Protein chains: 2
Amino acid sequence: MGTTDLESVPEPKYWHLKTVLSDALDTEFAVGEILPNERELAARFGVARATLRQALEQLELEGRLQRRRGVGTTVAPPRVGVAVGDSTHGWTDGGADAWQSVDSVEAVPPAAVARLLETDPDTPVHRVRRTRIGQGLPLAAELLYVPAESVPGLAAIDTPSGLARARAVLRELRRLALEGRERSVELGSARADDAKELDRLPGAPVLVVTTRYVAAGRTVAVAVATYRADTCRLTFGDPHDSEELLAG
Amino acid sequence: MGTTDLESVPEPKYWHLKTVLSDALDTEFAVGEILPNERELAARFGVARATLRQALEQLELEGRLQRRRGVGTTVAPPRVGVAVGDSTHGWTDGGADAWQSVDSVEAVPPAAVARLLETDPDTPVHRVRRTRIGQGLPLAAELLYVPAESVPGLAAIDTPSGLARARAVLRELRRLALEGRERSVELGSARADDAKELDRLPGAPVLVVTTRYVAAGRTVAVAVATYRADTCRLTFGDPHDSEELLAG
DNA sequence: AAGTGGTCTAGACCACTGT
DNA sequence: CAGTGGTCTAGACCACTTT
């Protein structure tokens, strides 16, 4: 006796560190408070900075921390509940849902999108860029792909691109009677352009919501929205109890 | 003239590396194929192993690669589409949906769950553990929290815990007429127990789906399901076109 | 035993933010 | 400008799987 083999399953240091920090965040820090810098924290816990960073990365992934280069690491507020599945409003822009059009161009969609649209992979379609704002911060960046056949009314409009064009595309879309939509959510990492829109570094983890809009038995549009995974909690179904009400 | 300042926005090495590897995966490798090991890849690209690993981590996060200690790095198959929003079946166990009960105990729920259940934070509730299998691999691990008031019929059953108890709880739940449910999806990292169930290391990225089941105006149960973020694409809405049909 | 990915170190320099 | 987090290196050892 005397020798305890409790160490038979040695927990990685960064994992243990994460637990310790997580508890400290609950008890000793307030939302928005700035933590000591990484070099000092590493010294305090007696680990290399890289190991400390591994723990911080996990906590940031879980939405507990927010790190900004040149500024510091702060305690993050609870994640924002963002309604995604609300079927009452479809293409609304501005207003309560806070989608904001940015611009529109004609572009060849990614192969995966072309497959959903059932269009030729090399044929350009309308591509509308939108941003979603909530609580003052950018939540999501979206690219909406619309084949020309879906919005025949556009042929009469001469704005070639830009914000006016984006609004024109959405206006035409709203005329369609939607039969339904189909959504999927997966993990991704922010492309350079989305990252800029979301005020994050490229590669930041995002929740990619792909929506297929169906009208008259056809896929009339496909939206690919990337939500900041660190700050967003996507909510589906009856939104009667979600945080959206508070933001009103 | 002569000096080009194209380097004014120097891309990080690991980011560029990720792009190169991603293209190589598309063109030079087949699903399931084993990549050269990390030390060799690093040498081949002239970077430190840590930098190479940063690129691999991103690709794994995006579901392009699968890494297993002691084995190697393989090219991952496309993500599995997993239906989550299907409201036709609720508590089904086994069968087409492939939920499989593991066991059940009485336990105090996490604070966040207690808040949803509107129960006292210190009062234990039934906790059923289930696993979801698809294409031969574990997709999700779930903890279903059920207050005793929701399943009064259980008082007459004497199995204290285990698989039999889990099935008994589900049987009682199926008697309830569900009014609706409310779901949210967010990014998390696998706790040690879930990680084991999912055949991943602790801290692996997961999609956490929290479901609140409502019957007779009350929250009768809360499920917290953690899906492997690397292999799963969660689908919502009409599942008529999802991959589930192929798996039948 | 050999080979793989996972963890950890100690240090360096860079990019960005504030003052 | 000083201070922050972000990137990168070269090396070591560990845990795990397969042979």
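The figures that follow rest on heavy atoms only: side chains count, while hydrogens, waters and symmetry mates do not. Order of the sequence lines fixes the chain letters, A, B, ..., with proteins taken first and strands second; residue numbering starts at 1 for each chain. Just so you know, these numbers come straight off a predicted model, no measurement behind them.
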State whether A:Thr73 places a side-chain N or O below 4.0 Å from either non-bridging phosphate oxygen (OP1 or OP2) of D:dT4.
-> no

Rounded to the nearest Å, what distance is computed from the CG atom of residue B:Leu52 to the C1' atom of nucleotide C:dG6?
-> 14 Å

So, is B:Arg39 close to the C:dT4 phosphate, meaning a side-chain N or O under 4.0 Å from OP1 or OP2?
-> no

Any idea which of D:dT9, D:dC16, D:dC8 is nearest the B:Ala50 side chain?
-> D:dT9

Would you say D:dT9 has OP1 or OP2 under 4.0 Å from some side-chain N or O of B:Thr51?
-> yes

Pick base, sugar-phosphate or nothing for B:Leu201, based on heavy-atom distances below 4.0 Å to the nucleic acid.
-> sugar-phosphate

What integer distance in Å separates B:Gln66:CD from C:dT4:P?
-> 18 Å

How are the rings of A:Tyr227 and A:Trp99 set relative to one another: parallel (under 30°), tilted (30 to 60°) or perpendicular (over 60°)?
-> perpendicular

Using heavy atoms to find the nearest nucleotide of DNA chain C for B:Pro36 and A:Trp15 separately, return the residue whose nucleotide is more 5′.
-> B:Pro36

Once you round it to whole Å, what is the distance between C1' of C:dT9 and CD of A:Glu38?
-> 16 Å

Distance test, side-chain N/O of B:Arg67 to OP1/OP2 of C:dG6, below 4.0 Å | yes

Using atom CZ of A:Arg69 as one end and atom C1' of C:dC16 as the other, report the distance to the nearest whole Å.
-> 6 Å

A:Val20 vs A:Phe45 side-chain heavy atoms within contact, under 4.5 Å = yes

Has the side chain of B:Arg132 got a donor or acceptor atom that lies under 3.5 Å from a matching backbone atom of B:Gln100?
-> no

At under 4.0 Å, does any side-chain N or O of B:Tyr14 touch on OP1 or OP2 of D:dC8?
-> no

Does the side chain of A:Asn37 get closer than 4.0 angstrom to OP1 or OP2 of D:dT4 through an N or O atom?
-> yes

Spacing between B:Leu41 atom CG and C:dG3 atom P, to the nearest angstrom | 17 Å

Could you state the CZ-C1' distance from A:Arg49 to D:dT9, rounded to the nearest angstrom?
-> 14 Å

Closer than 4.0 Å, any side-chain N/O of A:Arg53 to the OP1 or OP2 of D:dG6?
-> yes

A:Ile34 CD1 to C:dT17 P, straight-line distance once rounded to whole Å = 15 Å

Will you find, in the side chains of B:Arg64 and B:Ser22, an N or O donor that is under 3.5 Å from an N or O acceptor?
-> yes

What integer distance in Å separates B:Arg68:CZ from C:dT4:P?
-> 14 Å

